[in-house]
There are 4 protein chains.
Amino acid sequence: MSFSALDSDLVGPLLVAEGMRDVFSDRTRIAAMLRAETALARAEAAHGLVSPDLPLALAAMDPASLDVAAIGRATALAGVPTIPFVKAVQKRLDPALERDFHKGATTQDILDTALVLQVRAAFELLEADLEPTVAGLLRLAEAHRATPCVGRTYGQHAAPITFGFKAAGWALGIAEAGAALRDARARVCVASLGGPVGTLAALGPQGPAVADAFAHDLELAPAPMAWHALRGRIAETGAALGVLVGALAKLATDTAHLASTEVGEASEPYVPGRGGSSAMPHKRNPVSATVILAAHAAAKGLCVTLLDAMAAAHERSAGLWHAEWHALPALFGLASGALAEARRLAEGLEVNPERMRANLEATRGLLFADAASGQLARALGRERAHAIVERAAGRVRVTGTPLREVLAADPDVAGALEPAALDAAFDIAPAAEAAALWTDRGIAAVRALYPTL
Amino acid sequence: MSFSALDSDLVGPLLVAEGMRDVFSDRTRIAAMLRAETALARAEAAHGLVSPDLPLALAAMDPASLDVAAIGRATALAGVPTIPFVKAVQKRLDPALERDFHKGATTQDILDTALVLQVRAAFELLEADLEPTVAGLLRLAEAHRATPCVGRTYGQHAAPITFGFKAAGWALGIAEAGAALRDARARVCVASLGGPVGTLAALGPQGPAVADAFAHDLELAPAPMAWHALRGRIAETGAALGVLVGALAKLATDTAHLASTEVGEASEPYVPGRGGSSAMPHKRNPVSATVILAAHAAAKGLCVTLLDAMAAAHERSAGLWHAEWHALPALFGLASGALAEARRLAEGLEVNPERMRANLEATRGLLFADAASGQLARALGRERAHAIVERAAGRVRVTGTPLREVLAADPDVAGALEPAALDAAFDIAPAAEAAALWTDRGIAAVRALYPTL
Amino acid sequence: MSFSALDSDLVGPLLVAEGMRDVFSDRTRIAAMLRAETALARAEAAHGLVSPDLPLALAAMDPASLDVAAIGRATALAGVPTIPFVKAVQKRLDPALERDFHKGATTQDILDTALVLQVRAAFELLEADLEPTVAGLLRLAEAHRATPCVGRTYGQHAAPITFGFKAAGWALGIAEAGAALRDARARVCVASLGGPVGTLAALGPQGPAVADAFAHDLELAPAPMAWHALRGRIAETGAALGVLVGALAKLATDTAHLASTEVGEASEPYVPGRGGSSAMPHKRNPVSATVILAAHAAAKGLCVTLLDAMAAAHERSAGLWHAEWHALPALFGLASGALAEARRLAEGLEVNPERMRANLEATRGLLFADAASGQLARALGRERAHAIVERAAGRVRVTGTPLREVLAADPDVAGALEPAALDAAFDIAPAAEAAALWTDRGIAAVRALYPTL
Amino acid sequence: MSFSALDSDLVGPLLVAEGMRDVFSDRTRIAAMLRAETALARAEAAHGLVSPDLPLALAAMDPASLDVAAIGRATALAGVPTIPFVKAVQKRLDPALERDFHKGATTQDILDTALVLQVRAAFELLEADLEPTVAGLLRLAEAHRATPCVGRTYGQHAAPITFGFKAAGWALGIAEAGAALRDARARVCVASLGGPVGTLAALGPQGPAVADAFAHDLELAPAPMAWHALRGRIAETGAALGVLVGALAKLATDTAHLASTEVGEASEPYVPGRGGSSAMPHKRNPVSATVILAAHAAAKGLCVTLLDAMAAAHERSAGLWHAEWHALPALFGLASGALAEARRLAEGLEVNPERMRANLEATRGLLFADAASGQLARALGRERAHAIVERAAGRVRVTGTPLREVLAADPDVAGALEPAALDAAFDIAPAAEAAALWTDRGIAAVRALYPTL
């Protein structure tokens, strides 16, 4: 399995989007570190602080030629990977350039800037899946805006809604999480260049200008101050990923239940060989929901670690910065796997309107109890109406007689309501129309967040 | 203690801001529920759905006349407090109005809308402490922009900074968290009115208009769709509070260490009787840091609960909504107590520049090792310079001879550097100037987020 | 609501067992602090360190006469409640005794010992509910050891089990958690007496003997060393409570689903007025499951706080000890409420064997696919058998023809199996017998942990 | 980096013990799955259920010949790795044996049993580091049982202790966590064999006997019932690892602070090249503490995931079981890395008694304020004594005059205490003796838990 299931060759391919593996590979990390050093050299060369040959030499260096495993072994001794990395690069530089390399920078500058480059790529991957996911859910919402189905609260049939209303809710929850993620992205994609204690003192008064040029070269925002020990943006990013996974978990919770044998109102898109059981040849397990719900259970705790890391001491902490390494890439990994599966659901969910209709009738009219109570309340007041319908509902449960008939036979009801008014309470059309109205409103709200959809 | 220390009469006054206790009292909650019902009645009366007398009667009702304990006992049976609350209000209404009461709404509409009203008041309290906290830190930053002190990484002396640089970092971290909190506030202050399954079906085509009028009456944003089971905004709010407490914990971690006996560079504002010990008459314990760090340790876990609650099933979950009750008010309570103490620190921290100077000299010049290495690197290359200074630093540790002297006596150094260049490395002025530059930049960034400061 | 829903008069009665509120009230806490001081005075008097009149005076003092709110206000200044508490007690003592009071002890000794006294009482309350909960589940297991019902995996019908098998699993999970909780109780009920830095230096060589007498007086275990900053036992207790709530959450997850409208195999014990809806007169919401699942979502995060608190610095930390106040009482509160509701379920769950039978038939024989595949595998090998049955299952889904018939019509099957062998695969008896066997085994394992049941 | 830093070739070698990587590699996992299948075949052959050739064929199969990456790709489709694993093994079996393979078992049986085999090996690795860690700390405790040093509370100098007292506390905390871990190990090392729904129905009445033989073959405890959805033992194991890391974090917090520049009372064992900085040639960063504290920040959240997973639905959950894959191996990885570094500290911490002595004198006698107050209290009562010494302490801070002198000059003191009695209060010997006494007691308590030490 490896320590993280995401990194496992055995189960990782199920749990994480393939592209995300590349983004957070050691290879990519080393390349991003070299990219950061190159940007630093360019910025410093532009300010006359290092030889103009240095950035050229660095840009020409193939990151694949650096021996990750050897650097890793040296890291176990050194305590941070930057020192052996710097030495490895220096060995490949002309001695005349070597003295200028990594000038003014510190370990964490290179690692954090590399991290942010990876994070930016990771955001792009997520966004590439987010849009089609939301789009797929909007299509479901539009296609089924008027398809009646049971609304459920506390696991019980409550009152009718439409399936489109449900899908619009999924879309809205995910779109809002996606919008918050964009905000976090805008705030977190900041270059890090502060030197040993954040003041970039080795560069003197040119420090801020070099830092800005460094950020500009990497197309990152410049940092107002060094963020070696200001980790709020990282924690915020983690929380935004946690919220995204939470919004996907809402979708997964609902679809897994809709796909359950007794409910059967929807099922995950059929893919031959998917969701089977090594023992039970008939099984069609909800694999997408499984992956998402597992990610949800795992993501929450990782957010804790990033909040923890905010209490970093002074100019750099002993341990809390490193704690982020255990959490942030994994959060992107979990989010990517969950989102890839959510996209499958959004684009391919098999909806079963007949089963929805059958389920609407399963409780012999109890679904319309609220509406009946509303009609009665006009004549009898809310409290008495509620009590009468509650009593009638009990009779439906015991006798199996439909609620419509129980109420019609109740003298209190007969005295208070015309039969037509009672009939109106059992008409599904108004409930479906109300749901459709809100579906439209939800769709519009999603479009306001994702104008291209 | 009560279950939450925040609710304890014994330790609560230490741990939570007084005003916040009022905001989340049962009394306030009941009043907010009645306020929500009044707004509902107004919106419905305006649309001709209920008698215009109903909102008048509700607005005239004194929430203090409702018996919280009796409603609580009934809640233990009913499962949610709204049902006994609704009955208690109905009993006080004229029977002609009673039937119109709570029309179309569901339990969660009233509870969630009441919650949001409390949350808005809670945000206001936090903001009232946030501004002076940031302002106090900016004053520290400005006053000490050029006051040299030790920069520390991994708990070790690293290189010189200024105390203002440190204070600007605290201000920036807290200001960014405060800005993110404002975003969360704007997103979460949304009225809830969806009826049993979120479609407000009992109000028919007037549903959306009534929901908008309801929100307008409460000065809340109208909901695009019912959010009974879309809890991302609540989770995001919790995370933003967690991030705020994290930013305060950075301040507390630093000040507690600065106030430690051996460091002594700053101390919490002296208040007679504060921070004593029942056993040790000489103690001056850092009480503010203690409260903040305890809040940090507690807040993280509560964020988990709110992320958990996002996986709510269908139109309302059995348990996950209720889980929020265990977490969100407590997060506001923790944040308020931590922020009140942070404000004390920001406004009254006692800074000891003499002690800072003494500490700068404690390592006999090792603080300037980076600068010395930088000077040497010009002549010898980074790697060799680094090795020479590392070796010299070892000698300083063993012999106690100042680094300046050790280096001057080193033939490798003597051959490479003019004495003046070596002297320059041990001049604190450039380091302090670099720190001051970044302090100014940090202050400007904070002001961009808090323009009134 | 108060900050913690557990402390609320409005919703607390629903969420926490009444007795537990008393255990963790401020009143009880003050009384336990006075009890600890009395034990200290007794132990010191027995060793000739204080006047023998002191313990008599303390034992005679009515804790209710101490003004909690005044002590609380003073705590907000002092930073810990012990100092104002000590002063308040001293004021009531004869001056000749006052000087001996609290001798050698520190703040945390009194607070931690008081906490442990409360924790012991809290454990007793939990155990008083644990035994009948496990007993009730064992009765369900025995009564239904042979009552067939559907086994479900991934939310899908899988193969037949019995309802007793399911109940035995609940009992086993809860009984194991209960046994682990007893272990934690034995380890955590340790007196705290270390003085300012844990060495009880003020008592000199008599320190250890006094500490032992102190513990003995309170019927607590003596501490091998002061545990002011050794918090593993507290964290372990919290985790054990988290695991208990987790085991209850398994029960709640299952029963909530069994009670869902489409499944209907069991329902929470009917109590008039319970589980209704303010809007929907027909609702019977699963209140017990709701309370338990909310507790589960909240308990996890609190365990984090207690683990956090283990990294306490030196002889006492600034913040991490106080963090426990935010978490441990609440964990007991959550556990008590969840357990009280689990007991309701265990003692009163309404089981519906007819509905179980109906659900067994809902998939037209697919439940027996594993058995059929097993029969076929004898002749055709596992892989081919699995493939044949998988294909047949697809046909069942599409055509609605029972699996028994689809297989009988399959030439591959006909060639490989006698009709009697095929019939055998669709006989529920062997599955029910196997389940009953394991039910018995599970019951025996529970009884080994709870011999009195 | 890979998603988990533990799995990274770049930083993993720093953060995790090498042997643990092997235990949780995909290779080991596949081998353990094959080992489980072999045990199943043996148990079934012994009961005449499968051919006796099957276990021989499986035992002879080289797990390295199975293509992990190919199985992983198939897992992404199938949803669980067992199905492609079973198919891969079947392809290598004689067709006559293939039909008997995996008989009666389900996916989760094989994965969970393989996991438990890995967990057992992981426990062994941890125990191999635990004993020498505790032994090293006991040596420190014994060597320094009477070495005076400052006791610190809230980051402030409080009163004298000995360094051995501190080390004994570390040893006790870790030894207790280790003992609890042994309990968890005994409970969690249970074989899993339940078949599709836990009843092992395919094996009929022989089910329990086969399950017992299966467990016996693997030297695991037999399960009283299938634990596919009873995950308390896994959650308990995770919590025990969290508590262990917490106990190590206490050690790391303390040693990092002792190693800080201003304190300097201890430092991590010197290893050339360790703890350096890419920028600062003089740095000796506390790498061991860094690794441990990062593990602590990460471990807590993973415990949440395992508690989460306890609410598994029915006979197998969709997602919560899989969530464990994200958390349990990582917890072992974090614990192993933290423990390896703790062992380094325990075996090699460099202690600086001179610096301890110097620090004892840093506060000009304030450390003895408690003792002085105790002496005074005999004459003046506790409250007055406390006030006098508190006042005197203030004067020490302002004037720099030693407390001994300030008190001697105070007429209230002079009237109440003989000079000899005042001298006695400033004698460090009694404090050191009291600390040594408790050190011995702590050592004995550790030896009771680890009798071989």
Side-chain angles (χ1 to χ4, degrees), chain A residues 90 98-99 101 151-155 158-159 161 169 172-173 176-177 180 196-197 199-202 204 207-208 224-225 230 232 235-236 239 242-243 246-247 249-250 253-254 296 300 304 307-308 310-316 318 370 374 377 381-383 430-431 434-435 437-438 441-442 445, chain B residues 90 98-99 101 151-155 158-159 161 169 172-173 176-177 180 196-197 199-202 204 207-208 224-225 230 232 235-236 239 242-243 246-247 249-250 253-254 296 300 304 307-308 310-316 318 370 374 377 381-383 430-431 434-435 437-438 441-442 445:
Chain A
Q90 281 174 326
E98 177 263 340
R99 71 194 57 183
F101 179 63
R152 292 170 178 89
T153 61
Y154 293 87
I161 57 171
L172 182 60
E176 289 188 348
V197 288
T199 59
L200 220 38
M225 296 186 80
L230 296 177
E236 184 194 10
V243 169
K250 158 72 179 153
T253 298
D254 285 356
H296 183 51
K300 290 169 289 191
V304 167
L307 288 171
D308 223 23
M310 289 189 70
H314 295 308
E315 283 58 66
R316 196 170 318 155
D370 175 47
R382 276 191 59 76
E383 192 162 11
L437 221 57
W438 285 96
R441 187 161 151 141
Chain B
Q90 281 174 324
E98 176 264 339
R99 72 194 56 182
F101 180 62
R152 293 170 177 88
T153 60
Y154 293 88
I161 57 171
L172 182 60
E176 288 188 350
V197 289
T199 58
L200 219 39
M225 296 186 81
L230 296 176
E236 183 195 12
V243 169
K250 158 70 177 153
T253 298
D254 286 356
H296 183 50
K300 292 170 287 192
V304 167
L307 289 170
D308 222 23
M310 289 189 71
H314 295 307
E315 282 58 68
R316 193 167 322 155
D370 175 47
R382 277 189 58 74
E383 192 163 11
L437 224 56
W438 285 96
R441 185 161 150 141

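Side chains are part of it too, since the values below use all heavy atoms of this structure and drop only hydrogens, waters and symmetry mates.
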Among [options], which residue has the highest count of heavy-atom pairs closer than 4.5 Å to chain A?
options	result
B:V304, B:L200, B:D308, B:L172	B:D308
B:A431, B:A445, B:A239, B:A313	B:A313
B:G151, B:G232, B:A235, B:P430	B:G151
B:A434, B:A201, B:A311	B:A311

Using heavy-atom distances under 4.5 Å, tell me whether [X] contacts chain B through its side chain, its backbone, both, or neither.
X	answer
A:T253	side chain
A:A247	both
A:Q90	side chain
A:E383	both

Output the distance between atom [atom1] ([X]) and atom [atom2] ([Y]), rounded to the nearest 0.5 Å.
X	Y	atom1	atom2	answer
A:R152	A:I161	CZ	CD1	8.0 Å
B:M310	B:L230	CE	CG	8.5 Å
A:H314	B:D254	NE2	CG	5.0 Å

Residue selection (most heavy-atom pairs with chain B, distance under 4.5 Å) from A:G169, A:G374, A:G204, A:A180: A:G169

Heavy-atom closest pair, residues A:P196 and B:T153: O-CG2, 3.6 Å

Without swapping roles, check the side chain of [X] against the backbone of [Y] for a donor-acceptor pair under 3.5 Å.
X	Y	result
A:R441	B:P224	yes
A:W438	B:T199	yes
A:K300	B:L307	no

Part of B:A435 lying under 4.5 Å from any heavy atom of chain A: both

Under 4.5 Å from any heavy atom of chain A - which part of B:E98: both

